[in-house]
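Because the structure is a prediction, the values reported are computed rather than measured. By convention in this document, chain letters (A, B, ...) are assigned in the order of the sequence lines, proteins followed by strands, and residues within each chain are numbered from 1.
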Amino acid sequence: MDNFDNKIKELKNSYLSIPENFNNRIDNTLAQLPKHKEKRKNSIKQLLVNIISFIIASISITAFATYINNHYIGNDKNILQINEGIDNSLFNSLNMISYENIDGLLYKLINTEDEYLIAESIFNDVPSVDFEKEFLMILDFNIGSTDGLEVLKIEADNDNLNLILGNNEVNDNSGKTLCIKISNQLYRDNLIIKLVPGSNSISKYGFTPMKDIQKDYINYEAFQEDCLVMDGNNHIIYNSESDFLKFINNCRENINGAYRIVKEISSPELIDEYAFEVQDLIFENKKFYRFIALYKKDDTDKAYDFETYQNDGVEIIINPYITDDDNIQYCLKREDGTFYRIITFINI
Amino acid sequence: MNENEFRKRIINAKKGDEDSFNFIIYNIKDDLFRIAKSRLLNDDDAIDAVQETIISIYLNFHKLRNISKFKIWAMKILINNCNTIYLKTKKRNELSYENIVISNMENIERNIEKKEEIKNAFEYLNTDERTIVTLFYINQYTSKDIAKLLNLNINTVKTKVFRAKEKIKKYIKFDGEEKI
């Protein structure tokens, strides 16, 4: 065994012996070490510069892309892309069948259980839906939120499903979505969404919102708010026809405004149940929007009981078909030429 | 050399003392070379590996946590560098295959001519076996340190030492004039 060990150790002095130039090369290496350190410092510096440049470039590109997206291709966003923190891939999986963009308002229709399950996993407060009877519409704003948005009217004609939404101009960027259940009977391939001033937007003109009106409104607040107050026989109790004409003239000059008519109920079909009627006319963006609410006589949680949004129009005219000199009837004329009665003044 | 003295030098070198660094490098350079040679079988490549290792140790000294394991740490760096050089050399050799074959043949013939059967036997071992033999018999490392260095089980190291020894004995017995 000793013989073997000795033989192996021969390697140390022969095959594994240190070459003559080894020490010189090691000395050279040791002498060059500070240069290597400097080189590494420079490379780290360069790396940091590159990283910072990359970050700045990334931020610039992102900001530029966001700017382009917001200003030029915002209309191509789908409803879920506008919700921060929501996984867009999930929304893409919903495979949007159609979308509309009206003043930044977008919608998605949910027709199946599969779509519903995905939507439920994304949005909070999605109501339960019986898909045999109804379908769901999810609405959101491209910018802002659906806070202050109310459904004024849902109706269907032969071809279209018309959805009229009231915007009360409350944008707090909370990112909430609005879910609306709609009967399957109203389903149409085409959906038309119309965004109009909400019923609450009257408050900015100094009137109490319809939903907050109490049963004694006709006796007190209506006077304080300078409404046109009439009795059941169309006689003016407070204010005058000239006041109404002043409002019409302002509208002709494209001045946004609102006018409220409060009238006692006289119709025999309604008089037992209802006390008075409130009719709001809002003029905004060269259009009139008309709201009506009926108020109950008895104390209930909900003082009014009527579909508030009536219609919109482009002009207020005198009804040409009424030739009675004692009566002047003002009507709201729509774009299609039809018109609806607003108020009748009786000249005594 | 006193083990405590060596440790002090490592601590000082880590703090940036160049004299201490040179001292510890001079202390381990021969061991490094032999390990490199055992793996690369070529003086120039082995010296390159040692040089690269010295630079790596210098630039990464701050990463050494356990001073008592400095040698094992340095050897690991060396083995990594050897592997890198081996791969480069292999690629280079593949590009000039004929020259390598002739070169190897010349080496073996020269070794035979000089009756250096122990060298032939050594080259007959595989890379890990050569490294283990060098560490164990020449650099006098314990099986435990070799196991740590090569990430092997201690019993595996012992077995490999035994097998390498048997291989060398067999090679010399069949070829050589001298019987062990």
Next on the checklist: Which atoms of A:Arg25 are under 4.5 Å from chain B, going by heavy atoms: the side chain, the backbone, both sets, or neither?
Outcome noted: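 Its backbone and side chain both get close to chain B.
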Checklist entry - Under a 4.5 Å heavy-atom cut-off, does chain B meet the side chain of A:Asn23, its backbone, both or neither? => result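 Both backbone and side chain.
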Checklist entry - Quick one: CG on B:Leu152 to CD1 on B:Ile132, what's the gap to the nearest 0.5 Å? => result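 Here the rounded value is 6.0 Å.
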Item to check | Ring centres under 6.0 angstrom apart (B:Phe61, B:Phe70) | outcome: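 B:Phe61 vs B:Phe70: aromatic centres under 6.0 Å.
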Item to check | Centroid-centroid distance, B:Phe136 to B:Tyr141, less than 6.0 Å | outcome: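 Aromatic pair excluded; centres sit 6.0 Å or further apart.
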Item to check | Minimum-distance pair of heavy atoms, taken over all atoms of B:Ile35 and B:Met75 | outcome: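 The pair with the smallest heavy-atom distance is CG1-SD, 3.9 Å.
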By a 4.5 Å heavy-atom criterion (distance strictly below it), what part of [X] contacts chain A: side chain, backbone, both, or neither?
| X | answer |
| --- | --- |
| B:Asp30 | both |
| B:Ile25 | side chain |
| B:Glu52 | neither |

Checklist entry - With B:Arg39, which of B:Asp45, B:Thr131, B:Thr134, B:Asn81 fulfils side-chain hydrogen bond (donor to acceptor under 3.5 Å, both in side chains)? => result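 Going through B:Asp45, B:Thr131, B:Thr134, B:Asn81 one by one, the side-chain hydrogen bond (donor to acceptor under 3.5 Å, both in side chains) with B:Arg39 is satisfied by B:Thr131 alone.
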Checklist entry - Highest number of heavy-atom pairs under 4.5 Å with chain B: which of A:Leu16, A:Leu30, A:Ile18, A:Leu33? => result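 With the most close heavy-atom pairs to chain B, the winner is A:Leu33.
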